[in-house]
Each structure stands twice: as structure tokens, then as C-alpha cells.
K.L.:
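This is the structure I want to talk about, given as C-alpha cells.
Just so it is clear, the structure is predicted and the values come from calculations on it, not from any experiment. Basis for what follows: all heavy atoms, side chains included, without hydrogens, waters or symmetry-related copies. Note on naming: letters A, B, ... go to the chains in the order of the sequence lines (proteins, then strands), and numbering restarts at 1 for each one.
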Protein chains: 2
Amino acid sequence: MSIRDGILALLQERPSYGYRLRAEFEQRTGATWPLNVGQVYTTLGRLERDGLVESAGEDAEGHVYYRCTEGGGAQALDWFRTPVSRLDRPRDELAIKIALAVRAPGVEALEVIQRQRSETISSLRDLTALKRQGGEEEVGWTLIVDAMVFQAEAEVSWLDHCEARIRSGLPDPGSNEPDRGGDVSPRPAAVAERGGKTDE
Amino acid sequence: MSIRDGILALLQERPSYGYRLRAEFEQRTGATWPLNVGQVYTTLGRLERDGLVESAGEDAEGHVYYRCTEGGGAQALDWFRTPVSRLDRPRDELAIKIALAVRAPGVEALEVIQRQRSETISSLRDLTALKRQGGEEEVGWTLIVDAMVFQAEAEVSWLDHCEARIRSGLPDPGSNEPDRGGDVSPRPAAVAERGGKTDE
DNA sequence: CGCCACGTGCATACCTGGTATACATACTGA
DNA sequence: TCAGTATGTATACCAGGTATGCACGTGGCG
């Protein structure tokens with residue numbers, strides 16, 4: 001319910017209209033996940049249906065304003081107050097993929113892991129570059145990029161962990177070439193220097 | 001598309017029917033995210049519509065079997081081969097919440113962070129307990145629990161990071177009570193001892 | 001001037017993920 | 001015998017997400 005609650009939180013600050021809500025949401029969260037306008041209108045409709053927001057008429061330019069009702073404001077504050085549980089998170093597609101790959105016939109789990117690690121390390125580079133160029137402008141955006149960096153680093157660690165467990169668990173039953181040489185991505189080690197850079 | 005592709009991957013191993021697919025999926029991934037049966041049937045319908053699976057008739061007990069078509073098998077292998085990008089991941093509700101909280105009037109971002117950290121550390125304890133009791137049974141399940149542990153640890157680190165940035169960025173403009181005393185959760189420090197325990 | 005592209009703003013259709021529920025059958029135990 | 005439970009299939013409904021259509025205004029350009 002992150003979009004619904006996010007829009008509700010924005011409306012709790014001040015009344016607004018669809019297009020501007022989208023702009024505000026993207027400005028605060030940094031266009032990391034671009035928000036489709038259509039999503040805003042359907043969400044506003046549902047919020048109005050549930051009595052959390054109400055229409056506040058149009059202004060001179062024809063913008064359809066919505067404002068938070070009392071119940072809506074309470075729910076927005078409640079959303080901030082309630083921590084998100086680990087249980088109500090979406091499924092981790094990568095975890096599922098690896099879990100299925102370790103047993104799937106015709107699929108080399110180690111190759112899947114290596115390919116994924118390359119991809120993740122690559123996006124990690126992009127993220128640090130992004131962080132370097134984009135300055136202090138918007139606090140929320142910086143924090144979100146940091147969140148993705150932390151998650152990507154954890155992902156790399158986990159992939160290493162998976163590889164170690166698989167290698168130890170089934171020490172190459174078919175062929176005996178424990179070091180595939182060429183396409184094996186190098187050990188991370190130089191993944192990021194997050195601790196220092198961020199707080200300067 | 002994790003469910004769709006996951007079911008396709010299972011069918012690529014061998015033909016099966018709805019209820020058993022759900023059981024297999026949960027067995028491999030560890031019932032971490034319990035999969036609703038209804039989801040399986042709607043997904044099977046869509047896969048059949050798209051020509052990736054085909055009905056293979058019923059057996060003596062009346063089980064409606066599905067089998068992978070050629071195209072479906074190719075797509076399943078393709079799913080394993082293609083790494084998941086950072087871009088096509090679902091929005092991180094927690095990141096959005098924090099990003100909006102830092103500016104929202106009437107919301108103390110630091111309190112939100114502290115509450116969340118308590119929650120995350122708590123679930124981290126649950127996860128390590130889970131890992132300790134559940135033995136080596138299923139490889140995939142162990143890896144998925146590990147993935148959640150790594151993510152939760154990264155989340156705690158990120159929350160600390162957020163707190164530090166907020167404290168340095170806005171050194172208590174309104175009220176001057178930098179230490180709220182009682183309900184402030186203690187520093188983590190004893191979060192987990194993942195490095196050693198996992199590989200024993 | 002007329003037209004075209006573009007930004008802004010609203011609305012809808014459609015797909016997937018996710019949950020609940022209905023419904024049927026078979027086994028099991030009080 | 002009847003209730004409860006496990007197995008199995010199917011459908012309805014909601015929310016998230018994307019694409020698209022439609023309208024309006026403005027500014028450029030032949």
C-alpha cells in the first residue's frame with residue numbers, strides 16, 4: 001500500500017491535485033521509481049471511496065483538488081507510526097530464482113549467481129556515480145539511493161554466501177573443474193566505500 | 001513476474017497440476033511467502049493463454065495436469081539466465097516512508113526510524129532462531145532465510161545511516177532535547193553473528 | 001495565420017500479484 | 001452419523017503498474 005499511503009501522506013500536508021501529487025511524490029522520492037499519473041487518479045478515487053480524502057473543488061485553472069479528511073489524516077500519521085513488517089514485503093524474485101535454480105535440471109545455479117553478481121555490482125557502480133553527481137538537493141532522494149546501495153551490497157554478500165554454500169554442499173559431482181576460469185566474475189572486494197563517502 | 005516464472009520453471013522440470021505446484025513451490029522456497037492456491041490457477045490460465053504451457057489432461061484422481069510447451073521451456077531457461085535488474089524491483093515501502101517522513105509536518109522522522117529499527121532487529125532475531133531450528137533439510141529455503149537476514153541487516157545499517165544524516169543535517173531546530181531518553185531503542189551492536197554461524 | 005509539437009492535466013483499459021471465498025470430494029475420528 | 005480437516009479446482013475482487021486516449025494551452029515555425 002505504499003502508493004496509497006504515500007499520496008495520503010502528501011495530502012495530509014496540504015490539499016493538492018493529481019498531477020502535482022505525482023510531481024511532489026517523485027521529487028521527494030527522487031524519480032527512482034517513476035510514478036505513473038494514471039496510478040495517482042485511480043488511487044485518489046479509491047481514497048475518496050474509502051472516505052480518507054474528499055474533493056475540494058477546482059481552482060481557476062481547472063485543477064481538481066483533493067483534501068485529506070480527518071480519518072485520512074489519522075491514517076497517514078498511523079502509517080508513519082507503524083513499522084513495516086518483514087512479512088508483508090513483496091516476494092524477492094531473486095531469492096526465488098536462486099532457490100529454484102539449485103535444483104532445476106539443465107540450470108547451473110552457480111552461473112545464475114555469477115551473472116547476477118555482475119549485474120548487481122554494475123548497478124552498484126551506477127548508484128555511487130548517481131550519488132556523487134546529485135548533490136545535497138533533496139534529502140529523501142539521497143536516502144533512497146543510499147537504501148538501494150545498502151541493499152545491493154547485501155545482495156552481493158548474499159550471492160557470495162550462496163556460492164560458498166553450494167560449492168561446499170555439492171562439490172562438483174558431474175565435472176571436476178572447480179575454477180571455471182574466464183567468465184567467473186572477480187571477487188567483489190572493491191564494491192563500495194560507503195562508510196566514508198556518505199557523511200563528508 | 002516471479003510467480004509466473006516460478007511456476008513455469010517448475011513445469012519445465014516435469015508436468016504437474018495446480019495443488020502440487022503450490023506445494024512444490026512452497027517446499028523449495030520454504031513457505032516464507034505462502035503462495036495462495038488461487039494464484040496458481042489464474043497463473044496457469046494465463047500461461048496457457050500465452051502458449052507457454054498446455055493442458056495434459058486429467059489422471060485417474062481427476063488432477064488437471066499441465067505441461068510446458070517448447071516456448072515455455074525456453075522462456076523458463078531464459079528467466080534463469082537473465083539477471084534481475086535493480087530497476088524492475090518493486091517500490092521499497094520503507095524507503096518511501098522515511099523519505100516522506102523527513103519533510104512531513106507533525107511527523108518525527110527519527111521516531112519513525114527508531115520504531116522501525118526495533119521492528120527489524122526483532123524480526124532478525126526471529127530469523128536467526130528460525131535458521132537454528134530448521135536444519136539442512138531444503139537448500140533453497142535456507143538460502144532464502146539467509147537472504148532475508150542479509151537484507152534485514154542492511155536495513156538496520158541503513159536506518160543508522162539515515163539517523164546520522166538527519167541528526168547532522170538538521171541539528172534539532174525546534175526543541176533542544178537531543179536525547180529523548182526512555183523509548184529510544186538501544187544501539188544495535190548485537191544484531192547478528194552471521195559470518196560464523198551459517199557455515200558450520 | 002495555421003499547424004504541429006509539447007507540456008499539463010484528467011481518465012480509462014488492461015494486465016499481474018495477492019487474498020478470500022465458494023465448492024466438491026475424501027478421509028478421519030468423536 | 002456427522003463434524004472437521006486435507007486435497008483439489010475455480011472464481012470474484014482489490015491494489016499495484018503500465019499504456020493509452022483525450023482535452024487544453026502555449027510556443028515555435030513555415
K.L.:
Looking at Arg117(B) and Glu163(B), is any side-chain nitrogen of the basic one under 4.0 Å from a carboxylate oxygen of the acidic one?
P.N.:
yes

K.L.:
Give a yes/no on whether any side-chain N or O of Arg46(B) is located under 4.0 angstrom from OP1 or OP2 of dC15(C).
P.N.:
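It does not, given that no N or O in the side chain of Arg46(B) lies less than 4.0 Å from OP1 or OP2 of dC15(C).
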
K.L.:
Nearest whole angstrom, please: distance from the C1' of dG18(C) to the CD1 of Ile96(A).
P.N.:
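Result: 13 Å.
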
K.L.:
Are any of Tyr41(A)'s side-chain N or O atoms less than 4.0 Å away from OP1 or OP2 of dG9(C)?
P.N.:
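The answer is no; no side-chain N or O of Tyr41(A) sits under 4.0 Å from OP1 or OP2.
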
K.L.:
Which residue pairs pass the salt bridge (Lys or Arg N to Asp or Glu O under 4.0 Å) test when at least one of the two sits in residues 69-86 of chain B, sequence neighbours left out?
P.N.:
Glu155(A)-Arg86(B)

K.L.:
To the nearest Å, give me how far apart CG (Leu44(B)) and P (dT11(D)) are.
P.N.:
13 Å

K.L.:
The criterion is salt bridge (Lys or Arg N to Asp or Glu O under 4.0 Å); which residues satisfy it with Asp126(B), sequence neighbours excluded?
P.N.:
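For Asp126(B), no residue satisfies salt bridge (Lys or Arg N to Asp or Glu O under 4.0 Å) once neighbours in sequence are set aside.
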
K.L.:
Return no unless some side-chain N or O of Arg4(B) is found under 4.0 Å from OP1 or OP2 of dG17(C).
P.N.:
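Negative; the distance criterion is not met.
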
K.L.:
Report the residues that fulfil salt bridge (Lys or Arg N to Asp or Glu O under 4.0 Å) with Glu48(B), sequence neighbours left out, ordered by chain and then residue number.
P.N.:
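Once residues adjacent in sequence are excluded, Glu48(B) has no partner under the salt bridge (Lys or Arg N to Asp or Glu O under 4.0 Å) criterion.
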
K.L.:
With the side chain of Tyr19(A) defined as its heavy atoms from C-beta on, choose the nearest nucleotide among dG17(C), dC10(C), dA15(D).
P.N.:
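Ranking dG17(C), dC10(C), dA15(D) by closest atom to the Tyr19(A) side chain puts dC10(C) first.
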
K.L.:
So what does Arg49(A) touch, heavy atoms closer than 4.0 Å: a base, only the sugar-phosphate, or nothing?
P.N.:
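It contacts sugar-phosphate atoms only.
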
K.L.:
Check Arg115(A) with Glu111(A), please: is the shortest side-chain N to carboxylate O separation under 4.0 Å?
P.N.:
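Result for this pair is yes, salt bridge flagged.
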
K.L.:
Could you check how far CG of Asp92(B) sits from P of dG16(D), rounded to whole Å?
P.N.:
15 Å

K.L.:
Ring pair (Phe, Tyr, Trp, His ring centres under 6.0 Å) with Tyr65(B): which residues, sequence neighbours excluded?
P.N.:
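Residues passing ring pair (Phe, Tyr, Trp, His ring centres under 6.0 Å) with Tyr65(B): Tyr17(B).
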
K.L.:
Applying ring-ring contact (aromatic ring centres under 6.0 Å, His included) as the test, list every pair that has at least one member in residues 66-107 of chain A; sequence neighbours left out.
P.N.:
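Those involving residues 66-107 of chain A do not exist here.
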
K.L.:
Between dG7(C) atom P and Tyr17(A) atom OH, what is the distance in whole Å?
P.N.:
16 Å

K.L.:
Quickly work out the His63(B) NE2 to dA6(D) P distance and round it to whole Å.
P.N.:
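Whole-Å distance recorded here is 16 Å.
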
K.L.:
Arg89(A) has an atom CZ; how far is it from atom C1' of dG18(C), in whole Å?
P.N.:
17 Å

K.L.:
For DNA chain D, whose closest nucleotide is more 5', that of Pro90(B) or that of Gly18(B)?
P.N.:
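This one resolves to Gly18(B).
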
K.L.:
In whole Å, what is the span from the CZ atom of Arg22(B) to the P atom of dG8(D)?
P.N.:
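Computing the Arg22(B):CZ to dG8(D):P distance gives 10 Å.
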
K.L.:
Atom CD of Glu58(B) and atom C1' of dG8(D): how far apart are they, to the nearest Å?
P.N.:
11 Å

K.L.:
Scan nucleotides 19-24 of chain C nucleotide by nucleotide, 5' to 3', and note B when protein non-hydrogen atoms come under 4.0 Å of the base, S if they reach only the sugar-phosphate, - if neither.
P.N.:
BB----

